Q: 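Shown below is the structure under consideration.
This is a predicted model, so every value here is computed, not measured. Lettering of chains follows the sequences in order, A, B, ..., and the numbering in each one begins at 1. What you see below is based on every heavy atom in this structure, not just the backbone, and it leaves out hydrogens, waters and symmetry mates.
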Number of protein chains: 2
Amino acid sequence: MARLPVYLQILADQAAAGVANISSEGLAELAGVNAAKVRKDLSYLGSYGTRGVGYEVDYLVYQIRRELGLDHDWPVVIVGAGNLGQALAGYGGFTDRGFPVAGIVDIDHDKVDTLVGGARVRPLDELPQIVAAKNVSIGVIATPPAAAQDAADRLVKAGVTSILNFAPVVLSVPVGITIRKVDLAVELQILSYHEQRRASAQGGQLHAVPNEPGRGVTA
Amino acid sequence: MARLPVYLQILADQAAAGVANISSEGLAELAGVNAAKVRKDLSYLGSYGTRGVGYEVDYLVYQIRRELGLDHDWPVVIVGAGNLGQALAGYGGFTDRGFPVAGIVDIDHDKVDTLVGGARVRPLDELPQIVAAKNVSIGVIATPPAAAQDAADRLVKAGVTSILNFAPVVLSVPVGITIRKVDLAVELQILSYHEQRRASAQGGQLHAVPNEPGRGVTA
DNA sequence: CGAACAATGTGCACAGATTCACAAGCTGAC
DNA sequence: GTCAGCTTGTGAATCTGTGCACATTGTTCG
Ligand SMILES: NC(=O)c1ccc[n+]([C@@H]2O[C@H](COP(=O)([O-])OP(=O)(O)OC[C@H]3O[C@@H](n4cnc5c(N)ncnc54)[C@H](O)[C@@H]3O)[C@@H](O)[C@H]2O)c1
Ligand SMILES: NC(=O)c1ccc[n+]([C@@H]2O[C@H](COP(=O)([O-])OP(=O)(O)OC[C@H]3O[C@@H](n4cnc5c(N)ncnc54)[C@H](O)[C@@H]3O)[C@@H](O)[C@H]2O)c1
């Protein structure tokens, strides 16, 4: 399930805050979902909650980590050292969460050998060596859209089996390769869609939002 | 539906490439989804496809734009001018797609008045003025996790009704506010989950991927 | 020890999304 | 003008995911 990472993050927070046990209801509240859903999800792990008490936070963290394959690091290679690639490479949050940056490559010779976030940008040609040396299986594409397919092909050829794509294009990859796309413009368009409906819902006055009668989350 | 933006992007590409008509099957192929799904989605727009021919690309683009509320610009305000905030502000792709950056604010006085991507960083206090002056209804949160809830509260108070959140925390907002979260670590964890399953699927040898026997997309 | 209590795990019903299959409709060629 | 060939639009079957409700089980306190 795609909700496990969310639980994991919340549980890690709670553990850090010294919480030892949590009920499905408590976790559901924090995650903004239904309590029954939480129990179903956790029971899928063959999980061990204690009736009358709840779940032991530490053990749950361990279980989810194990299920997600986070019991060891997954080095990541970034293709494209532009605006976004640099922000990603310079961001410490990935290493903390088990995704160290094994390398970042760029086709532009002016960018090669510059430093971003502690890593030196390497030429695109060295991608296979980086992948092989660090046993990388996850690649991140942060190139312009026109170059994204080429980047994907190179990653696959180098041996990467999972790709996270930030370029707003649909990539074509061999079967067996897992690919996920993060398109920020799409996210904004979904928001504008909601704004649109909000505006055209009778009355049409903007910014007239019923405030504070209960805090909820609109998924 | 959350697929409309994807169709829109593909159709815009096709239009730019000079394609005048497209069949549901063609579009489905490009979007990596089922053809019947495409037809259902488009028929929801009360759309006009021509039997025997397909859909007129330009008109479809117009229809989807209209449905998504993209017939006019939606100015966006960014809270937090760090790594990510700067990358977002400096990225031209948003303006091109109808989401100009109305302003970017930061709590750090050292960052205020610096230039990022053509915009000058403004102090956090000026958020209400920016929102009011440009009639902003979409806010983007690019602050550290600990400050994200505060940023959300300020955005809501200033009159923003939709929020895109990059901080890895679950935000609590009044009902009526639309919120979407983009958590890159979650995306990576989902990839590692697939890697995990790949590795533990009998055999366990990494990087042994059946190459090129048909190019598909693993959603 | 036993009873009240608390919270899990799951059967079941329901709602929404997905896919299939096919009738209806348009186009173009002969 | 008619017919063959495509392609849409949609009814129906199916699948997936969600949420309720409750029996079950462990805990705590008298
Ligand atoms: N910057 C953002 O905030 C943002 C937001 C949403 C989407 N995106 C998308 O992310 C991608 C990168 O954006 P950006 O702002 O960093 O662009 P950018 O132009 O700043 O950086 C692109 C980098 O990729 C390099 N490059 C070009 N072709 C390459 C190739 N074949 N192999 C390797 N490297 C290559 C370029 O030299 C450049 O350094 C784009 O597709 C963009 O649409 C960016
Ligand atoms: N950089 C990335 O690639 C990346 C990737 C994934 C997630 N994120 C998330 O995005 C967020 C920002 O990341 P970053 O790398 O840009 O961090 P950063 O530390 O570089 O920047 C954060 C900025 O927010 C400002 N800030 C702090 N408190 C504020 C407040 N209350 N109001 C307004 N501004 C405030 C800080 O002054 C700073 O300039 C973080 O939550 C991070 O987890 C970043």
Q: With sequence neighbours excluded, tell me which residues meet side chain to side chain donor-acceptor pair (under 3.5 Å) with B:Arg154.
A: B:Asp150

Q: Sort and list the pairs that fulfil side-chain hydrogen bond (donor to acceptor under 3.5 Å, both in side chains) and have at least one residue in residues 53-62 of chain B, not counting sequence neighbours.
A: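 Qualifying pairs: B:Tyr59-B:Gln63.
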
Q: Can you list everything that forms a side-chain contact (heavy atoms from CB on, under 4.5 Å) with B:Val186? Sequence neighbours excluded, please.
A: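 For B:Val186, the residues satisfying side-chain contact (heavy atoms from CB on, under 4.5 Å) (neighbours in sequence not counted) are A:Pro5, B:Asp183, B:Ile190.
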
Q: Do the side-chain N or O atoms of B:Tyr55 get closer than 4.0 angstrom to the phosphate oxygens (OP1, OP2) of D:dC6?
A: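 False: B:Tyr55 side-chain N/O out of range (4.0 Å or more) of D:dC6 OP1/OP2.
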
Q: So, applying side chain to side chain contact (heavy atoms under 4.5 Å, CB included) with B:Leu155, which one of B:Ile177, B:Ile179, B:Ile141 is it?
A: B:Ile141

Q: For DNA chain C, what residues of residues 61-69 of chain A have any heavy atom nearer than 4.0 Å?
A: none

Q: I'd like a table of donor-acceptor pairs (distance under 3.5 Å, sequence neighbours excluded) in which one partner is a side-chain atom from residues 16-29 of chain A, with atom names and distances.
A:
| from | atom 1 | to | atom 2 | distance (Å) |
| --- | --- | --- | --- | --- |
| A:Ser23 | OG | A:Glu25 | N | 3.4 |
| A:Ser23 | OG | A:Gly26 | N | 3.0 |
| A:Ser24 | OG | A:Arg39 | NH1 | 3.0 |

Q: Surrounding CZ of A:Arg3 (heavy atoms of other residues, nucleotides or ligands, distance under 6.0 Å), is the total greater than 12?
A: yes

Q: Counting N and O atoms only, with roles assigned by atom type, does the side chain of B:Ser192 sit under 3.5 Å from a partner on the main chain of A:Leu68, one being a donor and the other an acceptor?
A: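 At least one qualifying donor-acceptor pair exists.
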
Q: Using the test salt bridge (Lys or Arg N to Asp or Glu O under 4.0 Å), find all partners of A:Arg51 that sit at least two apart in sequence or belong to another chain.
A: none

Q: Does A:Gly69 offer a backbone N or O that forms a donor-acceptor pair with the side chain of B:Arg197 under 3.5 Å?
A: no

Q: What residues, two or more places apart in sequence or in another chain, satisfy ring pair (Phe, Tyr, Trp, His ring centres under 6.0 Å) together with A:Tyr91?
A: A:Phe94

Q: Looking at DNA chain D, which of residues 3-26 of chain B put a heavy atom within less than 4.0 Å of it?
A: B:Ser23, B:Ser24

Q: Residues of residues 34-42 of chain A with any non-hydrogen atom less than 4.0 angstrom from an atom of DNA chain C: list those, numerically ordered, please.
A: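 Those residues whose heavy atoms fall under 4.0 Å from DNA chain C, taken from residues 34-42 of chain A in numerical order, are A:Arg39, A:Lys40.
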
Q: Are the side chain of B:Gln149 and the backbone of B:Leu171 linked by a donor-acceptor contact shorter than 3.5 Å?
A: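 Not at all, since once roles are kept as given, no pair shorter than 3.5 Å links the two residues.
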
Q: Base, backbone or nothing for each nucleotide of nucleotides 24-30 of chain C, written B, S, -, heavy atoms under 4.0 angstrom, 5' to 3'?
A: BBBS---

Q: Output all residues satisfying ring pair (Phe, Tyr, Trp, His ring centres under 6.0 Å) with A:Tyr193, sequence neighbours left out; order by chain, then residue number.
A: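 Ring pair (Phe, Tyr, Trp, His ring centres under 6.0 Å) check on A:Tyr193 returns nothing, list empty.
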
Q: Per the salt bridge (charged side-chain N to carboxylate O under 4.0 Å, His left out) rule, what does the pair list look like for residues 76-85 of chain B, sequence neighbours excluded?
A: none

Q: Nearest whole Å is fine: how far is C:dG16 C1' from B:Tyr44 OH?
A: 14 Å

